[in-house]
Amino acid sequence: MNSLDGAVLIGYFGVMIAIGLWSHRRVDDVSDFFTAGGTMPWWLSGISHHMSGYSAVMFTGYAGIAYRYGITSYVTWAFPVAVGIAIGARLFAGRLNRLRSRLGVASPLEYLKNRYDLPTQQALAWSGVLLKVVDVGAKWAAIATLLSVFTGLSLNQGILITGVITGIYCTVGGLWADALTELGQFVIQLVAGVAMLVTVLGELGGAGGLWTVWDRLPDGHSRPTAGPYTLAFLLAYLFIKTFEYSGGMWNQAQRYMATRDAREARRSALLSAALWLVWPVVLFFPMWAAPLLVTARRPDASDAYALLTERLLPHGLLGLVVVGFFSHTMAMCSSDANAVSAVFTRDIAPAVSSRARDWSHRRGLLAARLSTVCFLALSMAIATQVNSPTFKDIITVVIKWVAGLVGPISIPFLLGTVPAFRRSGPTAALVSWAAGLFAFWLTNYGIAGGRLQVQIAAPVATSLLLFAAIGLIRPEATPERDAVLARLNEGGAGGLLGAGTSRGGDFRA
């Protein structure tokens with residue numbers, strides 16, 4: 001990078017901060033901060049949902065998979081995500097919107113106290129926050145890895161710079177700042193991604209390279225599944241991503257909650273699914289062709305895309321592509337920070353402090369911003385350890401830890417909104433959660449030599465089976481819990497529960 005690329009990067013950071021400051025004027029209370037007051041257009045929610053779903057890990061960890069195995073990087077990652085979101089559009093998007101529009105809650109987990117009980121809500125909240133700290137830490141490490149390639153900055157310096165910039169705009173502007181910056185980041189990535197594709201095709205002899213390149217690439221590059229990423233892995237990943245990207249990781253649930261009604265939430269989900277189906281192909285093609293153009297230096301080839309951009313792109317455009325790397329990571333990390341802040345402010349703090357239950361709008365908003373800062377700082381600290389023996393490397397954290405642990409957290413949360421599981425109460429929720437966590441430990445650390453698809457699928461499968469089975473064996477449906485379900489589903493009573501709930505007031509069943 002030279003001074004022109006640096007100017008592009010600095011300009012981008014400046015715009016992100018400016019958007020955060022502008023969004024600050026639209027935030028009056030915690031409902032605005034966490035759910036945009038329920039006024040976000042469906043198309044903005046859909047783009048925000050898409051952008052908050054992946055990060056610079058795509059340009060490091062998944063770039064390495066693309067370099068070594070070819071199109072399996074798309075078939076076993078982006079494609080199942082697209083299908084999972086489309087399934088979730090039908091099953092969960094509308095119900096998640098009604099958490100806000102009918103129950104008046106500001107946090108995705110706020111309804112769990114009435115759907116199950118307080119211990120269940122707290123178990124899911126605390127474990128989910130801890131998982132998010134590790135997940136976002138991996139994202140900081142991914143972008144810092146790329147930054148080190150381009151600028152020579154150390155890993156810790158890169159983590160500090162990106163974390164501080166993200167913290168400024170998402171802390172002052174809340175979900176509105178997240179969504180608006182994600183829109184800008186989508187436009188930037190669109191330009192940068194197309195520019196990279198055109199440049200690579202030029203190196204390959206023109207647009208015909210889209211078809212002729214495969215004969216020149218290593219054997220197996222055109223196979224849909226390869227290496228450890230088998231058909232069984234694909235099916236397991238689809239199973240997991242249906243829950244994760246349909247709201248199980250909370251930040252996506254917020255995008256649905258932020259729309260005006262359930263219909264717009266479903267449209268938002270379908271737009272995100274369509275983007276996941278098409279856009280990753282544009283981003284991945286240069287990575288698939290990379291073995292013909294560069295030689296990766298790292299064993300996992302996670303530096304392949306960075307080396308490709310350095311070799312092919314002129315200054316200025318190189319800076320724009322680097323900005324594209326930042327855009328994905330900052331989008332995901334800021335959205336996660338907002339979701340975790342919502343859970344802490346609305347669910348955890350009131351359970352551990354009587355003073356938090358009586359926060360005014362002003363104090364609640366201050367707590368939301370402070371908890372956002374604390375979460376970002378903790379995740380940045382974790383990021384400095386992401387390559388330690390505990391976590392091994394970036395892609396291990398993302399695939400094993402996140403995919404493996406999201407199931408036990410998301411199963412009671414998402415299926416708790418579905419009438420078919422009305423019999424599943426606190427016992428089913430807590431047992432399925434605990435057993436899923438144990439299955440993660442057993443398959444990843446207790447038993448040596450386990451297959452990757454088993455390691456990531458066993459926890460969510462265990463949680464799902466136990467959640468359903470215990471509901472049948474030990475049903476805990478009550479009129480109060482049925483009333484919650486009625487309001488979350490078609491034909492349930494509309495309106496809000498109690499005065500002031502549309503502005504983030506307490507939920508009373």
D303 and A296: which non-hydrogen atoms are nearest, and at how many Å?
OD1-CB, 3.6 Å
Any donor-acceptor pair under 3.5 Å from S341 side chain to A368 backbone
yes
Tightest non-hydrogen contact, residues L210 and V213, listed as O-CG1, 4.3 Å
Do the ring planes of F79 and Y74 sit parallel (below 30°), tilted (30 to 60°) or perpendicular (above 60°)?
tilted
Heavy-atom closest pair (I240 atom, V460 atom, distance to 0.1 Å) is CG1-CG1, 3.7 Å
Give the minimum heavy-atom separation between Y256 and N97, together with the two atoms involved.
O-ND2, 3.0 Å
F243 to F239 - nearest heavy-atom pair and separation:
CD1-O, 3.3 Å
How about T76 and Y69: do any of their side-chain heavy atoms sit closer than 4.5 Å?
no
Do F285 and L201 touch side chain to side chain, with heavy atoms closer than 4.5 Å?
yes
Quick one: are P218 and P291 in side-chain contact, heavy atoms under 4.5 Å?
yes
Donor-acceptor contact below 3.5 Å, side chain R100 vs main chain T259:
yes
As an exercise, state the distance from CG of L160 to CE of M380, rounded to the nearest 0.5 Å.
5.0 Å
Test item: side-chain donor near acceptor, S101 and D261, under 3.5 Å
no
Between M40 and E264, is a side-chain contact (heavy atoms from CB on, under 4.5 Å) present by the stated rule, with each step listed?
CA-CA 9 Å; M40 188 176 293; E264 291 207 350; over 6 Å; no
Using a 3.5 Å distance criterion without hydrogens, assess whether the side chain of S379 forms a donor-acceptor pair with backbone atoms of V133.
no
Between R311 (side chain only) and L307 (backbone N and O only), is there a donor and an acceptor less than 3.5 Å apart?
no
When rounded to the nearest 0.5 angstrom, what is the spacing between CE in M51 and CG in L183?
9.0 Å
In Å, rounded to the nearest 0.5 Å, how long is the span from OG of S463 to CZ of F440?
12.5 Å
Indicate the ring-plane relationship of W288 and F284, choosing parallel, tilted or perpendicular according to the 30° and 60° boundaries.
parallel
Atom pair CZ/CH2 of R263 and W42 - distance to nearest 0.5 Å:
9.5 Å
Any side-chain heavy atom of V129 sitting closer than 4.5 Å to one from F344?
no
Looking only at atom types and distance, does a side-chain atom of R90 sit under 3.5 Å from a main-chain N or O of A86, one as donor and one as acceptor?
no
For residues S246 and L91, determine if any side-chain heavy atom of one lies less than 4.5 Å from a side-chain heavy atom of the other.
no
Nearest heavy-atom neighbours spanning I65 and T72
CG2-CG2, 4.3 Å
Check ion pair E244-K241 (N to O, under 4.0 angstrom)
yes
Any donor-acceptor N or O pair under 3.5 Å, side chains Y245, H49
no
Begin from the C-alpha positions of K132 and N251 and carry the test side-chain contact (heavy atoms from CB on, under 4.5 Å) through to its verdict.
CA-CA 10 Å; K132 273 299 182 185; N251 56 324; 3.9 Å; yes
May I ask you to check whether H221 and W214 place their ring centres under 6.0 Å from each other?
no
Are the side chains of L283 and Q189 in contact, using a 4.5 Å heavy-atom criterion?
yes
Is the closest side-chain heavy-atom distance between Q252 and I85 below 4.5 Å?
no
Using 0.5 Å steps for rounding, measure from the OG1 atom of T225 to the CG atom of L231.
6.5 Å
Inspect the surroundings of CZ in R216 and state if more than 12 heavy atoms from other residues, nucleotides or ligands are less than 6.0 Å away.
yes
Between the OG atom in S73 and the CE atom in M287, the distance rounded to the nearest 0.5 Å is 7.5 Å
Is there side-chain contact between L464 and L415, with heavy atoms separated by less than 4.5 Å?
yes
